[in-house]
A.B. asks: 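What follows is a structure written as structure tokens; I'll ask about it next.
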Amino acid sequence: MKSEETIEVLNTLITINNFRIIGYESASNITDEQNLKTLFAQFTATSQNCKQELKTEVKRLGGIVDETIITFVKLLHIWVDVLKAALLTNDRKVILKSCEFGEEITVETYFMALRNNTNYITAEQQIMINEQHNSIKKDLNTIKAIRDALSYSIN
């Protein structure tokens, strides 16, 4: 295993979790709906737990945790701008679709980390990353289910 490449993969996932935390904290601060605030807090907690596991692994490897979001700053701005616009219209379906956008970026980042880095991550690290990926996919599916339920109740 090449430790530098492994640390880079783990730091990328730390970054995407920071992206997700910032997105959901922003969403929670903007909305007045308590059930959305609760949902966003749960999703934030998922990413905080994932981030902590990743940071622990980076430190175990002797690496430096890089929590910058420079790589994803453009996507973050797009997501937050869409989210703010959605919240200004106070349309739950639009809010959820914008959250779905951010979740899809996160799920794809995890997928690519697992798919493209098998030479750099151990079996144990793959298990950890896959478990995190599944947790975040579950959150994405929750958002889709709520959004879909709104579609059925409106029509």
Side-chain angles (χ1 to χ4, degrees), residues 1-87 95-147:
M1 286 300 135
K2 295 185 178 179
S3 185
E4 290 174 17
E5 288 86 352
T6 305
I7 292 166
E8 184 177 334
V9 170
L10 298 173
N11 275 327
T12 297
L13 296 176
I14 289 169
T15 299
I16 197 68
N17 277 288
N18 280 337
F19 164 78
R20 195 169 181 259
I21 290 165
I22 291 168
Y24 281 117
E25 285 176 348
S26 296
S28 184
N29 289 335
I30 295 170
T31 187
D32 293 327
E33 295 189 45
Q34 191 56 48
N35 57 347
L36 286 181
K37 285 182 178 286
T38 300
L39 186 68
F40 297 156
Q42 291 170 354
F43 294 168
T44 298
T46 298
S47 272
Q48 288 169 335
N49 292 335
C50 292
K51 182 174 120 174
Q52 188 55 49
E53 287 179 354
L54 295 162
K55 286 172 67 172
T56 299
E57 187 63 13
V58 168
K59 290 175 185 175
R60 188 188 71 74
L61 294 170
I64 297 172
V65 174
D66 181 3
E67 295 192 52
T68 60
I69 61 165
I70 294 169
T71 308
F72 297 100
V73 77
K74 188 172 185 174
L75 291 173
L76 176 64
H77 284 298
I78 291 169
W79 187 32
V80 170
D81 288 346
V82 169
L83 188 57
K84 283 181 182 178
L87 291 169
I95 293 167
L96 292 168
K97 283 194 74 67
S98 65
C99 290
E100 184 179 342
F101 171 76
E103 290 291 7
E104 287 175 346
I105 293 168
T106 306
V107 167
E108 180 66 17
T109 301
Y110 267 84
F111 175 77
M112 296 305 286
L114 285 165
R115 181 175 156 217
N116 295 336
N117 296 291
T118 55
N119 294 334
Y120 305 127
I121 53 179
T122 65
E124 294 82 13
Q125 291 163 344
Q126 288 178 22
I127 290 168
M128 175 187 66
I129 293 167
N130 193 51
E131 287 173 355
Q132 291 181 5
H133 184 223
N134 288 335
S135 292
I136 293 168
K137 282 195 303 190
K138 182 181 172 195
D139 291 351
L140 171 59
N141 290 335
T142 298
I143 288 197
K144 287 180 177 181
I146 294 169
R147 186 210 59 221

A.B. asks: Any side-chain heavy atom of Leu10 sitting closer than 4.5 Å to one from Leu61?
C.D. replies: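 They are in contact (side-chain heavy atoms under 4.5 Å apart), so the answer is yes.
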A.B. asks: Rounded to the nearest 0.5 Å, how far apart are OG1 of Thr12 and CD1 of Ile7?
C.D. replies: 12.0 Å
A.B. asks: With sequence neighbours excluded, what pairs up with Glu108 under the side-chain contact (heavy atoms from CB on, under 4.5 Å) test?
C.D. replies: Phe111, Met112
A.B. asks: Just jot down the salt bridge (Lys or Arg N to Asp or Glu O under 4.0 Å) partners of Glu57, sequence neighbours excluded, or say none.
C.D. replies: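 Expected list: Arg60.
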A.B. asks: Run the side-chain contact (heavy atoms from CB on, under 4.5 Å) test against Asn130 and tell me which residues pass, sequence neighbours left out.
C.D. replies: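 Per chain and number, Asn130 pairs via side-chain contact (heavy atoms from CB on, under 4.5 Å) with Leu114, His133, Asn134.
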A.B. asks: Taking all non-hydrogen atoms of both residues, which atom of Leu140 and which atom of Glu103 are closest, and how far apart?
C.D. replies: CD1-CB, 3.6 Å
A.B. asks: First locate atom CZ of Phe40, then atom CD of Glu25, and finally report the distance between them rounded to the nearest 0.5 Å.
C.D. replies: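 Here the interatomic distance stands at 12.5 Å.
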A.B. asks: Could you tell me whether Glu53 atom CD has more than 12 heavy atoms of other residues or ligands within 6.0 Å of it?
C.D. replies: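 More than 12 within 6.0 Å, yes.
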A.B. asks: Nearest 0.5 Å please: distance from the CZ atom of Arg147 over to the OG1 atom of Thr142.
C.D. replies: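 It comes to 12.0 Å.
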A.B. asks: What residue among Asn141, Ile136, Asp139 forms side chain to side chain contact (heavy atoms under 4.5 Å, CB included) with Val107?
C.D. replies: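 Among Asn141, Ile136, Asp139, the one that satisfies the side chain to side chain contact (heavy atoms under 4.5 Å, CB included) with Val107 is Ile136.
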A.B. asks: To the nearest 0.5 Å, how far apart are CD1 in Ile16 and CG in Asn11?
C.D. replies: 13.0 Å
A.B. asks: Return the minimal non-hydrogen interatomic distance between Asp66 and Thr15, and the atom names on each side.
C.D. replies: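 Here Asp66 and Thr15 meet closest at O-OG1, 3.8 Å.
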A.B. asks: Would you name the heavy atoms of Leu54 and Tyr110 that are closest together and state the gap between them?
C.D. replies: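 Heavy atoms of Leu54 and Tyr110 come nearest at CD1-OH, 3.8 Å.
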A.B. asks: What's the shortest heavy-atom distance between Gly102 and Phe19, and which atoms?
C.D. replies: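 Closest approach of Gly102 to Phe19, heavy atoms only: O-CE2, 3.9 Å.
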A.B. asks: Between Gln42 and Thr38, is any pair of side-chain heavy atoms under 4.5 Å apart?
C.D. replies: yes
A.B. asks: Just so I know, are the side chains of Val9 and Gln125 near enough to count as touching, which here means a heavy-atom distance under 4.5 Å?
C.D. replies: no
A.B. asks: Applying side chain to side chain donor-acceptor pair (under 3.5 Å), can you list everything that pairs with Asn35, at least two apart in sequence or on another chain?
C.D. replies: Arg92
A.B. asks: Measuring from atom CG of Leu36 to atom SG of Cys99, what distance do you get when rounded to the nearest 0.5 angstrom?
C.D. replies: 7.5 Å
A.B. asks: Going from NZ on Lys138 to CZ on Phe43, what distance comes out if it is rounded to the nearest 0.5 angstrom?
C.D. replies: 9.5 Å
A.B. asks: Looking at Thr46, is its backbone amide N or carbonyl O close enough to the side chain of Arg20 to form a donor-acceptor pair, meaning the two atoms are under 3.5 Å apart?
C.D. replies: no
A.B. asks: Tell me every residue that passes side-chain contact (heavy atoms from CB on, under 4.5 Å) with Thr56, counting only those two or more places apart in sequence or in another chain.
C.D. replies: Gln52
A.B. asks: Residues in side-chain contact (heavy atoms from CB on, under 4.5 Å) with Lys37, at least two apart?
C.D. replies: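 side-chain contact (heavy atoms from CB on, under 4.5 Å) check on Lys37 returns Ser28, Thr31, Gln34.
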A.B. asks: Could you tell me which non-hydrogen atom of Lys51 sits nearest to which non-hydrogen atom of Ile21, and how far apart they are?
C.D. replies: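 Nearest pair, atom of Lys51 first, then Ile21: CD-CD1, 4.2 Å.
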A.B. asks: Can you confirm whether Asn117 sits close enough to Glu5 that some side-chain heavy atom of one is under 4.5 Å from a side-chain heavy atom of the other?
C.D. replies: no
A.B. asks: Quick one, Leu13 and Thr109 - any side-chain contact, counting heavy atoms below 4.5 Å?
C.D. replies: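 When only atoms from C-beta onward are counted, Thr109 and Leu13 do touch, with a gap below 4.5 Å.
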